[in-house]
Amino acid sequence: MSAMSVCDYSLLCNFPKCRAKLSGFAWTTACSHIFCDQHGSGEFSRTPAICPACSSALSGKLDIVRTELSPSEQYKTMVLVGLRPETVLDISHRALAFWTYQVNQERLLMEYSLSRAEIQVAQMEKVMAQQNQTRELEMNALREEITSLNKRVEEYKRKYSEVSELLTKKNRQYQKLQGLFEALRLRTMPPVERDGLHHASQAFTTGLVRQRSPQSSPPFLAVGSEVDRLFSLEPESFKSFFQFNSPPREKGHSFIKKH
């Protein structure tokens, strides 16, 4: 680390959960650790005092010192006055050693944090690669399933078209057979029933015409109440007209012999 970067560097509180930049007053220990005024006052007010960073016992009188990080000019002038040069150099050497230790410890801590972060990143990349591979396999399976479903849909469409054409063909055959059946039924119907059905249809048509224009009814339809009753459009009249009564049975005769 260059001289400029060392001079620009600010010490950080060595309390594990703090790591704040130091300013104003700080607490220094004989084990070369430094703490902010808040955590130093709280930790070193107990007896015996224990370093929060390395758990060292600090029982000496000068093992813990509260120092001002930005002293006044008068303090700088008087703090080393009267001391021998070698003593001043020794004090300066120890102070620089403390600073260098703090800088190196911070560098080691940053390298350790960086290595942990790199390990975590590698683990996350490995997990992401596995997840991506799994998702890719799932996507391929879904694509194959979609392709299979599309083929089934096309097959169902083709079958539906075939069934629809077959149904249309069968309907035509059914209508043709229905017409043949009606023609055959009329052909095999007895003449009496055929004439009755023909007269009934004529009567039904004539009744509709007479209902639409009652004043223009033909003269042969107004011969009496019997004709009007016979060709009336009421449902009960049609029912009585088309009803074929069974031949009257003689009283006292039965199809079942009594024993």
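Ion pair Glu73/Lys76 flagged as a salt bridge, since at least one NZ, NE, NH1 or NH2 atom sits closer than 4.0 Å to an Asp/Glu carboxylate oxygen. Electrostatic pairing of Arg116 and Glu111 does not count as a salt bridge here, judged by no charged N lying under 4.0 Å from a carboxylate O. Using a cut-off of 4.0 Å between Lys/Arg side-chain N and Asp/Glu carboxylate O, Glu154 and Lys151 are scored as not salt-bridged. One finds a salt bridge joining Glu182 and Arg185 here, because a Lys/Arg side-chain nitrogen approaches an Asp/Glu carboxylate oxygen to under 4.0 Å.
Atom CZ of Arg94 is surrounded by 12 or fewer heavy atoms from other residues, nucleotides or ligands within 6.0 Å. Within a 6.0 Å sphere centred on CD of Gln74, other residues, nucleotides and ligands contribute 12 heavy atoms or fewer.
With rounding to the nearest 0.5 angstrom, the CG atom of Leu22 is 10.5 Å from the OG1 atom of Thr28. One finds the CG atom of Leu109 at 11.0 Å from the CG atom of Leu114 (value rounded to the nearest 0.5 Å). Within the model, atoms CG of Leu89 and CZ of Arg84 stand 11.5 Å from one another, a figure rounded to the nearest 0.5 Å. Taking SG from Cys36 and CG from Leu11, the interatomic distance works out to 12.5 Å, rounded to the nearest 0.5 Å. To the nearest 0.5 Å, the span separating SG on Cys13 from NE2 on His33 amounts to 11.0 Å. With rounding to the nearest 0.5 angstrom, the CD atom of Glu86 is 10.5 Å from the CD1 atom of Ile91.
Across all non-hydrogen atoms, the minimal contact from Cys51 to Cys31 is SG-SG, 3.5 Å. When all heavy atoms are compared, the tightest approach of Gln102 to Leu12 is OE1-O, 4.3 Å. Thr77 and Val81 make their closest contact through O-CG2, 2.6 Å (heavy atoms, listed as atom of the first residue, atom of the second, distance). Here the shortest heavy-atom pairing between Ser56 and Cys54 reads OG-SG, 2.9 Å. Ala49 and Ile64 get closest at one heavy-atom pair: CB-CD1, 3.6 Å. What you find for Phe25 and Glu68 is that their closest heavy atoms are CE2-CB, 3.7 Å.
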When the side chains of residues 124-136 are checked against the rest of the protein, which donor-acceptor pairs come out under 3.5 Å, sequence neighbours left out?
from, atom 1, to, atom 2, distance (Å)
Asn132, ND2, Met128, O, 3.1
Thr134, OG1, Gln130, O, 2.9

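The shortest distance between side-chain heavy atoms of Gln105 and Asn14 does not fall below 4.5 Å.
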Point to revise | From CA spacing to verdict: salt bridge (Lys or Arg N to Asp or Glu O under 4.0 Å), Glu155, Arg158 | key: CA-CA 5 Å; Glu155 183 68 18; Arg158 186 182 63 80; 2.3 Å; yes
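By the 30° and 60° cut-offs, the orientation of the rings of Phe44 relative to Phe35 is perpendicular.
By the criterion of side-chain heavy atoms lying less than 4.5 angstrom apart, applied directly or through intervening Ile, Leu, Val, Met, Phe, Trp or Tyr residues, Val88 is grouped together with Val79 in one hydrophobic cluster.
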